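I have placed the structure first, in the form of structure tokens, so that the comments after it can refer back to it.
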Number of protein chains: 2
Amino acid sequence: MKQGAHSPDLHTHLLNALRNGELTPGQRLPTERSFADQFGISRGAVQRVLQDLEEKGLILRKVGSGTFVSDRLDSAVETFDHGVDITRGNLAEHVEARAAFEPWVVATAARYANSEHKQELRARLERVANPEDWLDYKEGVYQFFRLLYEITENSFLLHIFDLIIKAREDVRYGGERPKTRVSLVIRNNMVRSLEAIAEPIEQNNPEKAEAASREFLDKMILSVNT
Amino acid sequence: MKQGAHSPDLHTHLLNALRNGELTPGQRLPTERSFADQFGISRGAVQRVLQDLEEKGLILRKVGSGTFVSDRLDSAVETFDHGVDITRGNLAEHVEARAAFEPWVVATAARYANSEHKQELRARLERVANPEDWLDYKEGVYQFFRLLYEITENSFLLHIFDLIIKAREDVRYGGERPKTRVSLVIRNNMVRSLEAIAEPIEQNNPEKAEAASREFLDKMILSVNT
DNA sequence: AAGTGGTCTAGACCACCGA
DNA sequence: CGGTGGTCTAGACCACTTT
């Protein structure tokens, strides 16, 4: 819990009650106004707490009828306790998740890439090969893969990808921006890997593209675990 | 935009400015207090608008220093315009997303399932075979797959799966709960499909499990497109 | 008609940042 | 130090649901 955040009394009280099973799924909670009275806080403060719990799937609020304990309380509590916020999460899980769906994305991109896509893919590969600095390099790699997600035209997967990238950046540098150059060895290694993915896409060869994607992600998993 | 929601004047004004490129990445916005004066609304209302835009990645707020246009404005605007809210979305994209990563999940589950997992999987399959009503049937199918995600111990993917399911339920019944029975044909069909997935998992055979998962999802994709 | 959550207001204090 | 966003307050009106 953050400091000075969201009326901690009511928040922890509700959270404990939900975890202990004092509140059962579907059960109706007291009204916002009565919570405000009970805890000696304003209705606005109560609302912020309830809004937070609703976003986390623990409760449900219905205009005109009341606030209720979520039907799927167990699962919600579990993901809550896991601290899964989709904007957080640990690196290993994110890489693993990419390993789960990115080969499909790459294969699909290889299937549907047109000449315009291919040209753009080349351009983005160029940027990775000759980046201005470390940040530009990272962004370039991200843009390379993002294009593949765009080609699939599945905005849901694209969004998930963006979330993963965003989460990682938040972790890595909290505002400072390292202007270091990128090691030539690392860069060439990356370019080779991306090239191996780009080439079968240019030839509209889904099988080869998928294999190259798997190989790339296997390397990433290795580097994460060391 | 919802009705009566979040001071639409300021909201659309900022959105247009961000889209038109009047505001450039990194640029500093006016203060909350000055927005409140300009638009003749309270500071609280301004904050709710800014909070909304920040959650969507369009702007950044820093205590003590100000509000700024996001560095990755282009991508944020794009996903925003896509209307991607992760809690909404269209059915086809969600099914497609599952097709992208669920085979990996099933294969991984087959790799690591222990006897306890297998027993639980049987139990959940039983529920699908003999549901109390339509709702119980749906929940049973969901629980079957959810267990597979749990076995992988990747809370990120589990969370994504939960989000997809939650989105679908919100769409399907907006509060009413159909108590209809489940057609015997449909039910048996589903049980056969799940059986085909469960069996290779019990034998710890990832390849067969993955193939069964693909087959199941192919059917789902077909049924969505008809 | 009465009660509920959704939103807004005007004002206040705080922790934090930059000069 | 003054300015900024973060939070809270007490009160109000609204649209909606339930009785």
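Not measured: the values here are computed from a predicted model. Just so it is clear: chains get the letters A, B, ... in the order the sequence lines come, proteins before strands, and each one is counted from 1.
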Are the side chains of A/D52 and A/R48 in touch, meaning some heavy atoms are under 4.5 Å apart?
no

Is any NZ, NE, NH1 or NH2 atom of the basic residue among B/R146 and B/E150 found under 4.0 Å from an Asp or Glu carboxylate oxygen of the other?
yes

Is a side-chain N or O of B/R28 found less than 3.5 angstrom from the main chain of B/S65, in a donor-acceptor match?
yes

Between B/I59 (CD1) and D/dT4 (C1'), how many Å, whole number?
14 Å

Ring pair (Phe, Tyr, Trp, His ring centres under 6.0 Å) partners for A/F145, two or more places apart:
A/F216

May I have the distance from A/R48 (atom CZ) to D/dT7 (atom P), rounded to whole angstrom?
8 Å

Check whether B/E54 reaches the backbone of B/R61 with its side chain - one donor and one acceptor, N or O, closer than 3.5 Å.
yes

How would you label the contact of B/L50 with the nucleic acid (heavy atoms, under 4.0 Å): base, sugar-phosphate, or nothing?
nothing

Just say parallel, tilted or perpendicular for the rings of B/Y149 and B/F101, cut-offs at 30° and 60°.
perpendicular

For atom CG of B/L10 and atom P of C/dT9, their distance in whole Å:
11 Å

For nucleotides 17-19 of chain C, tabulate all protein N/O to nucleotide N/O atom pairs closer than 3.5 Å, reporting atom names and distance.
none

Whole-Å distance, A/R61 CZ to D/dC16 C1', equals 14 Å

Would A/L15 and A/L58 count as a side-chain contact (heavy atoms from CB on, under 4.5 Å) if you check the C-alpha gap in whole Å, the side-chain angles of each, and the deciding distance to 0.1 Å?
CA-CA 9 Å; A/L15 217 49; A/L58 296 168; 3.7 Å; yes

Quickly work out the B/F35 CZ to D/dG6 P distance and round it to whole Å.
14 Å

Stepwise salt bridge (charged side-chain N to carboxylate O under 4.0 Å, His left out) test for B/E120 and B/R124:
CA-CA 6 Å; B/E120 179 63 22; B/R124 302 201 180 183; 2.7 Å; yes

Atom CG of B/D9 to atom P of C/dT9: distance rounded to whole Å?
11 Å

For nucleotides 11-13 of chain C, which of its nitrogen or oxygen atoms have a protein nitrogen or oxygen under 3.5 Å away, and what is each distance?
from, atom 1, to, atom 2, distance (Å)
C/dA12, N6, B/R43, NH1, 3.2

D/dA10 P sits how many Å from A/E32 CD, rounded?
16 Å

Which whole-number value in Å describes the distance from A/D37 CG to C/dG3 C1'?
14 Å

Candidate pair B/T31 and B/T67, rule side-chain contact (heavy atoms from CB on, under 4.5 Å), full reasoning:
CA-CA 7 Å; B/T31 68; B/T67 302; over 6 Å; no

From the candidates C/dG5, C/dT9, D/dT4, the one with an atom nearest any side-chain atom of B/S42 is C/dT9

Select from B/A45 and A/P30 the residue whose nearest nucleotide in DNA chain C is closer to the 5' end of that strand.
A/P30

